[in-house]
Amino acid sequence: MESDPQIRPSGNVKFGDFQVNAAMALAKERGTNPRALAEEILKAADVAGIADKCEVAGPGFINVTLTRACTESCLTKLAASETFGVPAPMDPHAVVVDLCGVNVAKQMHVGHLRATIIGDSLARVFERLGRKVWRENHLGDWGLPIAMTLAKLMRERADFARLSLDDLNHAYRGAQKETSTADLDAAYENHCGPHRIAEFEIQYEPARAAMEDAKKTLVRLQSGDPEIVRLWERLIEVTMEQVYEAARTLNVKVGRENNRGESFFRDRLAGVIDAFAKSGLAKSDRGAMVVPFADRERPLLIQKSDGGFLYATTDLAAVRFRTFELDGSLVVYVVDARQRDHFKDVFDAARLIGWNKTADGAESTLVHLGFGAVLGSDKKPLKTRSGENFTLKDLLDEACERGTAEVTRRAGDPNAPTHGLPSDELAKIGAAVGIAAVKYADLSGDLTKDYVFDLDSMITFEGDTGPYLQYAHARIASILAKSGESPAAIAAASFALAEPAEKTLALHLLRYAQMTLDVGRTLETNRVGLYLRTLAELFNAFYQSCPVLKADDPATRLARLKLCAITRAILADGLSLYGIVAPDRM
RNA sequence: GCGCGCGUAGCUCAAUUGGAUAGAGCAUCGGUCUUCGGAACCGACGGUUGGGGGUUCGAAUCCCUCCGCGCGCGCCA
């Protein structure tokens, strides 16, 4: 009989350590009495040496209390494990994470914060799970908007060697504005009189000219004109400098090697149309190529009536590349939730044509992780006081400053371990603390929901925050350092889980691997935060009731130091899943 | 209009994916400590999980319906 045993940690300590919920589900299936079935299971189970107590309770729960020896032996295995108990992966294929997604000539804003740190965190989780991971930064580095910016900069004889991101941004917005013929288009749309339209035509003559210029530039870029390509590469370089800097600040593994933008796929777009046309999945509609779906009205547009390609065309080329060439059996798109419909269409089209397969034919799972918006306290998209979009740099700078201010203030206390450290050292710790606050606040919530960005409550460093976890870690590190014992001596010691607080902490430590597997399965990064917060709370409870350095006897002291060491290691590893550094003092 | 998503304590969020008495953090009030680092710990207050109906041993979670909010809807990316 194959069935999920439904073994869960007990919801309440008075019920024991674990509860088995399988009897109730099984009884429903068979139409028998759940309590009687639970009794039967209990009779058949051999729990000698594993459980002290097993009993049926409530409608058919089986409550299990583990023996001390069993818990200790599991914990000893965990302490010796290089992967913290995480088993080798079942799936040999890669995981592809689409993250960051900046656009050339545009500033990073808070939306990119989410796309970057969520993607990086998931990548770290899959790396912990032993998977090969590709972090793919799908830059918006191709197409008319870029050509418009390039054309404008060239007309203005900009010095490309000295361009700043602000210059680019200014040119980008200027180009958008000066080529806009919105009023004229509206006049045609509304069938205005010829006189009115003629007036608009004259008025919009410069816009037409600018657009013509941009299109010519685009053709030169597309045909590989060396001069234009060189300038285009410069635009990308200037844009990406901010990304690399933000990545350093955020402790995110995103660099030049992860750049694979729209331009990378430019030679594959015609092939996408061909493939869909040949397979009969795409048809012509009003001069454009579309992929219709059986279950919905609107099709997916993959080629414009003028022959041009679209967002969806590039995405389809990217899907095929990621599954077939990068060998991804899981491809996660970390892109904001508003693009849900788009990705549903793209993924369905990819499945229709069979591109959701790795080279060896394994099925690939395509997932859009649509994250929610970052809101201000007014519940509207986050803006500065003057109404501008918050740039990511401004936000990170402020987080680091406030972290540093707090760390510096506390270092003023002569008893603080940070007392007397040089200011650059304090700034380093302060930045780690400020960034931890921002990242934890983002990653520990439900990713799909909008959230209110409130730097004040994040930087309070009290309660459910990243710095709270860092602090717990620093305190443990401090105990270990003060003990005077070598890591080898601690590693050689035996666990002795005598007190209830010790056993509860141990049981939670044993769940680390399962938590990591759960995050890999559900992509819910908040599980990491929940786990670590609980771990810190259980450690604090232990710390409160069980003296370590002043333990009654040397064996207990060493056993508790060993419990501290494994807790510290798992806390640090868990924080690393968020890309949060855990300083030894703060 | 059609489609998708979301409504949980005063505020910001959880709830081990259908489990036992819905939990934390802020805020408010009270307590612990001659500290293993007080960025801590313990307690109190606070709930008809938007309303109503249904499914079953059991629902914040699944289904239906209404209300409210947000987002997206063919030649931009």
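Here is how names work: the chains are called A, B, and so on, in the same order as the sequence lines, proteins then strands, and each is numbered from 1.
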Show me the donor-acceptor pairs, under 3.5 Å and distance only, between side chains in residues 287-301 of chain A and residues at least two apart or in other chains.
unit_1, atom_1, unit_2, atom_2, d
A:R296, NH1, A:D345, OD1, 2.5
A:R296, NH2, A:D348, OD2, 2.2

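- The side chain of A:Y311 contributes no N or O atom lying less than 4.0 Å from OP1 or OP2 of B:rA77.
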Filtered N/O pairs between nucleotides 54-56 of chain B and protein, under 3.5 Å:
none

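- Taking a pair as Watson-Crick or G-U wobble with both distances under 3.5 Å, RNA chain B forms stems of 3 or more consecutive pairs at B:1-7 with B:67-73, B:10-13 with B:23-26, B:28-32 with B:40-44, B:50-54 with B:62-66.
- When the side-chain nitrogen and oxygen atoms of A:N526 are compared with OP1 and OP2 of B:rA15, one or more of them lie within a distance under 4.0 Å.
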I'd like a list of close polar pairs between nucleotides 2-11 of chain B and the protein, N/O only, cut-off under 3.5 Å.
unit_1, atom_1, unit_2, atom_2, d
B:rG5, O4', A:R340, NH1, 3.4
B:rG7, OP1, A:K449, NZ, 2.9

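- A:L549 has its side chain within reach of A:S483: a pair of non-hydrogen atoms, C-beta onward, lies under 4.5 Å apart.
- Distance check on atom C1': B:rC6 versus B:rU49 gives 14 Å, rounded to whole Å.
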Using a cutoff of under 3.5 Å, can you pull out all pairs of nitrogen or oxygen atoms linking the protein to nucleotides 21-25 of chain B, with atom names and distances?
unit_1, atom_1, unit_2, atom_2, d
B:rU21, O4, A:K14, NZ, 2.3

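- With sequence neighbours left out, the ring-ring contact (aromatic ring centres under 6.0 Å, His included) criterion links A:F61 to no other residue.
- In this structure, A:G445 reaches the sugar-phosphate backbone alone: every heavy-atom distance under 4.0 Å involves primed, P, OP1 or OP2 atoms, never a base.
- Contact annotation: A:N103 does not reach the phosphate of B:rA77 (side-chain N/O to OP1 or OP2, under 4.0 Å).
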